[in-house]
Student: 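Okay, here's the structure, questions in a sec.
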Amino acid sequence: DMVIINRRRETAIVITAGRTWTTCVFLRSGQLHVGRLSKEEMSDWRPLDYPVERAIERYLQHSGGVSDAVRRKLETLKGAS
């Protein structure tokens with residue numbers, strides 16, 4: 001698991017990475033959501049030197065609120081790390 005960032009300074013926490021798709025929790029435009037990136041889209045992102053555990057805590061405390069789907073993904077990841 002890792003934290004990634006793109007050139008627009010949007011961040012995401014990688015939940016799972018497969019051959020074709022990478023599932024992430026994204027922080028974009030002040031909102032959290034679960035989505036996925038194709039292999040091609042992943043080329044726009046790079047690893048960020050930031051502790052995953054800390055990122056999870058910050059995402060869970062996000063002022064814009066955390067949906068149930070996002071909370072479940074983050075709690076699952078938190079328990080696995």
Side-chain angles (χ1 to χ4, degrees):
D1 306 317
M2 72 176 120
V3 181
I4 56 176
I5 190 167
N6 65 16
R7 62 180 160 259
R8 293 181 302 274
R9 310 235 358 116
E10 298 168 329
T11 60
I13 300 173
V14 174
I15 303 298
T16 59
R19 290 184 186 190
T20 309
W21 298 100
T22 300
T23 304
C24 304
V25 174
F26 297 95
L27 177 56
R28 289 184 172 157
S29 304
Q31 295 184 344
L32 293 170
H33 72 277
V34 176
R36 59 187 192 166
L37 297 169
S38 68
K39 199 177 241 186
E40 293 79 28
E41 291 170 315
M42 273 299 290
S43 66
D44 293 335
W45 295 77
R46 63 177 174 81
L48 181 63
D49 185 22
Y50 194 84
V52 173
E53 297 81 15
R54 188 170 180 193
I56 291 169
E57 288 301 321
R58 294 188 62 97
Y59 276 35
L60 286 171
Q61 297 170 3
H62 182 60
S63 63
V66 180
S67 71
D68 289 340
V70 169
R71 183 172 301 283
R72 280 192 304 272
K73 292 286 187 188
L74 292 175
E75 291 290 348
T76 300
L77 186 60
K78 184 177 175 183
S81 55

Student: Using the rule given for side-chain contact (heavy atoms from CB on, under 4.5 Å), can you reason through K39 versus T20, listing the C-alpha separation, both sets of side-chain angles and the distance that settles it, and then say yes or no?
Tutor: CA-CA 6 Å; K39 199 177 241 186; T20 309; over 6 Å; no
Student: Looking only at heavy atoms, which two atoms of T22 and V14 are closest? And how far apart?
Tutor: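 Minimum heavy-atom contact is CG2-CG1, 3.7 Å.
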Student: Closest approach of E10 and W45, non-hydrogen atoms and distance?
Tutor: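 That would be O-CZ3, 3.2 Å.
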Student: Please tell me whether Y50 and I5 are part of a single hydrophobic cluster in this structure, the criterion being side-chain heavy atoms less than 4.5 Å apart.
Tutor: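 Yes, Y50 and I5 fall within the same hydrophobic cluster.
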Student: Under 4.5 Å between side-chain heavy atoms, counting indirect links through other Ile/Leu/Val/Met/Phe/Trp/Tyr residues: same cluster for V70 and W21 or not?
Tutor: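 Hydrophobic grouping puts V70 apart from W21.
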Student: Write down the atom of F26, the atom of R36, and the distance for their closest heavy-atom approach.
Tutor: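 Answer, listing the atom of F26 first, then R36: CE1-N, 4.0 Å.
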Student: Consider side chain to side chain contact (heavy atoms under 4.5 Å, CB included). Of L74, I15, T23, which one does V34 pass it with?
Tutor: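 That would be T23.
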Student: Below 4.0 angstrom, N of the basic side chain to O of the carboxylate: do K78 and E57 qualify?
Tutor: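 Yes, this pair counts.
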Student: How long is the span from the CG atom in L77 to the CD1 atom in I13, to the nearest 0.5 Å?
Tutor: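 The CD1 atom of I13 is 6.5 Å from CG of L77, to the nearest 0.5 Å.
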Student: Distance check, rounded to the nearest 0.5 Å: K73 atom NZ versus L32 atom CG?
Tutor: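 K73 NZ to L32 CG: 14.5 Å, rounded to 0.5 Å.
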Student: How close do L27 and Y59 get, counting heavy atoms only, and between which atoms?
Tutor: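 In this case the closest contact between L27 and Y59 is CB-OH, 3.7 Å.
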Student: Give a yes or no on whether E41 atom CD has more than 12 heavy-atom contacts from other residues, nucleotides or ligands under 6.0 Å away.
Tutor: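 Check passes, neighbour count above 12.
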Student: Heavy atoms only: give me the nearest V52-M2 pair and the separation to one decimal.
Tutor: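 For V52 versus M2, the nearest heavy atoms are CG2-CA, 3.5 Å.
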Student: Work out which heavy atom in I4 is nearest to a heavy atom in M42; give both atom names and the distance.
Tutor: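 Reported closest heavy-atom pair: CD1-SD, 4.1 Å.
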